[in-house]
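Here is the structure we will look at.
Order of the sequence lines fixes the chain letters, A, B, ..., with proteins taken first and strands second; residue numbering starts at 1 for each chain. All heavy atoms count here, side chains included; hydrogens, waters and symmetry mates do not.
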2 protein chains.
Amino acid sequence: MEVCITSLLRDKGFKVTPQRLAIYNMLSSTKSHPNAEMIFNELQAMYPTMSLATVYKTMEILKEIGLVQVLNAGEDSFRYDAVMTNHPHVRCTECGKVEDVYDINIDAFVSEVSQGTKYQIMGQQFYFHGICPTCQRKNSN
Amino acid sequence: MEVCITSLLRDKGFKVTPQRLAIYNMLSSTKSHPNAEMIFNELQAMYPTMSLATVYKTMEILKEIGLVQVLNAGEDSFRYDAVMTNHPHVRCTECGKVEDVYDINIDAFVSEVSQGTKYQIMGQQFYFHGICPTCQRKNSN
DNA sequence: ATACATGCAAAGACTTTGCAAATGT
DNA sequence: ACATTTGCAAAGTCTTTGCATGTAT
């Protein structure tokens, strides 16, 4: 796991730094799809000198070497996901959290669209929005 | 058509202004999914005093009264669409244009996901990215 | 007549960039 | 030793806001 990012970085001529490892480890051990500021805040305690700029620069590299994907769930900021399989996301419009949608096979839908357009399709993103179970309960009180 | 926006605005207590009509008419007669700046530039000739701030404020209102939807195709700016049906979009990563994906029935996929999550789903957005036919031809030269 | 809208400029949020000091190889 | 990276501050882009003037009802 960690050998993966280490060798991937080195293979592409990037240096292996504590900041880069910390950012990737944090991202790959959460399901919260954090944005840059959330990552920065989370790492403050352990890495007091970490800067937001380093988070952004690191995300750029991790995206480039194929270790993270960038999410755009209709917010003002980008979120990041270390899970590289294509899966839909759902965002709660009340509390703002973004979650994975599991157990859905998107392949049939993707290939249907791929064939319907004359584009050479490279990727896709599916976003749902609605109200999460927790917020539904809050609302009914 | 135009009676629609006129009465919708008035019904909700908004005033009917030349700027609002011009912005909506422009948007509903294009398939280019423009962002705020594109709309602003397009209207410069006919409405020289139009400001970008007015475009943003108007989009906020049009979204609120259900006349436009906001697209987030993985770019830095939001795009707007006066077509309110749910349909996928595809963005060319070379020339940046965003097009509709036609003749795709998303209902089965949407309801499959709706049932798979415990969210109360309010809407969804599907984005594909790839290379458009025009750019494919350019690349092969 | 009055409340709302416009348009300018300023502010705000998110992200990128430049550069000197620090670090990995 | 050398090239790359960090972290700060400044700049850049997109969007929102405040306010005086103008406009729709």
Side-chain angles (χ1 to χ4, degrees), chain A residues 2-3 5-24 26 33-65 68 70-80 96 98, chain B residues 2-3 5-24 26 33-41 43-65 67-68 70-80 96 98:
Chain A
E2 191 151 315
V3 89
I5 176 175
T6 298
S7 53
L8 261 175
L9 281 171
R10 264 199 270 266
D11 286 358
K12 306 263 182 169
F14 296 111
K15 290 184 174 165
V16 178
T17 67
Q19 288 89 337
R20 288 174 181 168
L21 295 180
I23 290 169
Y24 181 69
M26 183 266 163
H33 309 91
N35 61 24
E37 192 160 15
M38 293 168 181
I39 297 171
F40 172 72
N41 289 336
E42 181 84 15
L43 295 176
Q44 271 299 74
M46 292 270 283
Y47 299 82
T49 73
M50 171 84 68
S51 80
L52 238 193
T54 297
V55 175
Y56 280 112
K57 287 169 184 168
T58 300
M59 298 322 297
E60 186 62 34
I61 290 174
L62 294 180
K63 178 177 67 178
E64 192 179 327
I65 65 180
V68 310
V70 182
L71 308 184
N72 215 289
E75 300 167 297
D76 294 333
S77 61
F78 292 99
R79 286 170 177 262
Y80 303 95
V98 172
Chain B
E2 191 152 318
V3 89
I5 176 175
T6 297
S7 52
L8 261 175
L9 282 172
R10 264 199 270 266
D11 287 357
K12 307 262 181 170
F14 297 112
K15 290 184 175 166
V16 179
T17 67
Q19 289 90 339
R20 288 174 180 169
L21 294 179
I23 289 169
Y24 181 70
M26 183 266 162
H33 309 90
N35 60 26
E37 192 160 16
M38 293 169 181
I39 297 172
F40 172 71
N41 289 336
L43 295 175
Q44 271 299 75
M46 293 269 284
Y47 300 82
T49 73
M50 172 84 67
S51 80
L52 236 194
T54 297
V55 176
Y56 280 111
K57 287 170 184 168
T58 299
M59 298 322 298
E60 187 61 34
I61 290 174
L62 293 180
K63 178 177 68 178
E64 193 178 326
I65 65 180
L67 281 180
V68 310
V70 182
L71 308 183
N72 214 287
E75 300 168 296
D76 294 332
S77 61
F78 292 99
R79 288 169 177 263
Y80 302 96
V98 172

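- Looking only at distances, no side-chain donor or acceptor of Thr54(B) sits under 3.5 Å from a matching main-chain atom of Met50(B).
- Between Ser51(B) and dT6(C) there is no side-chain N or O to OP1 or OP2 distance below 4.0 Å.
- Side-chain proximity of Thr54(A) to the nucleotides dA24(D), dA9(D), dT6(D) is greatest for dT6(D).
- The side chain of Arg10(B) approaches dT25(D) more closely than any other nucleotide in the set dA9(D), dT25(D), dT25(C).
- Between its two ends, the helix from dA1(C)-dT25(D) to dT25(C)-dA1(D) turns its axis by 40°, counting five pairs per end and rounding to 10 degrees.
- Within the 4.0 Å cut-off from OP1 or OP2 of dT23(D), not a single side-chain nitrogen or oxygen of Gln19(B) is found.
- Distance, Leu21(B) CG to dT23(D) P: 16 Å, rounded to whole Å.
- Nearest heavy-atom pair across Thr6(A) and Val16(A) is O-CG2, 3.7 Å.
- DNA chain D is contacted by both Thr17(B) and Phe78(B); Phe78(B) maps to the nucleotide lying nearer its 5′ end (nearest heavy atom per residue).
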Output one line per pair: protein atom, nucleotide atom from nucleotides 1-4 of chain C, and distance, for all N/O pairs under 3.5 Å.
{"unit_1": "dA3(C)", "atom_1": "N3", "unit_2": "Lys15(B)", "atom_2": "NZ", "d": "3.0"}
{"unit_1": "dC4(C)", "atom_1": "O4'", "unit_2": "Lys15(B)", "atom_2": "NZ", "d": "3.1"}

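- Using a 4.0 Å cutoff on non-hydrogen atoms, the parts of residues 55-65 of chain B near DNA chain D are Tyr56(B), Lys57(B), ordered by number.
- We find that OH of Tyr47(B) is positioned 16 Å from C1' of dG7(C), with the value rounded to whole Å.
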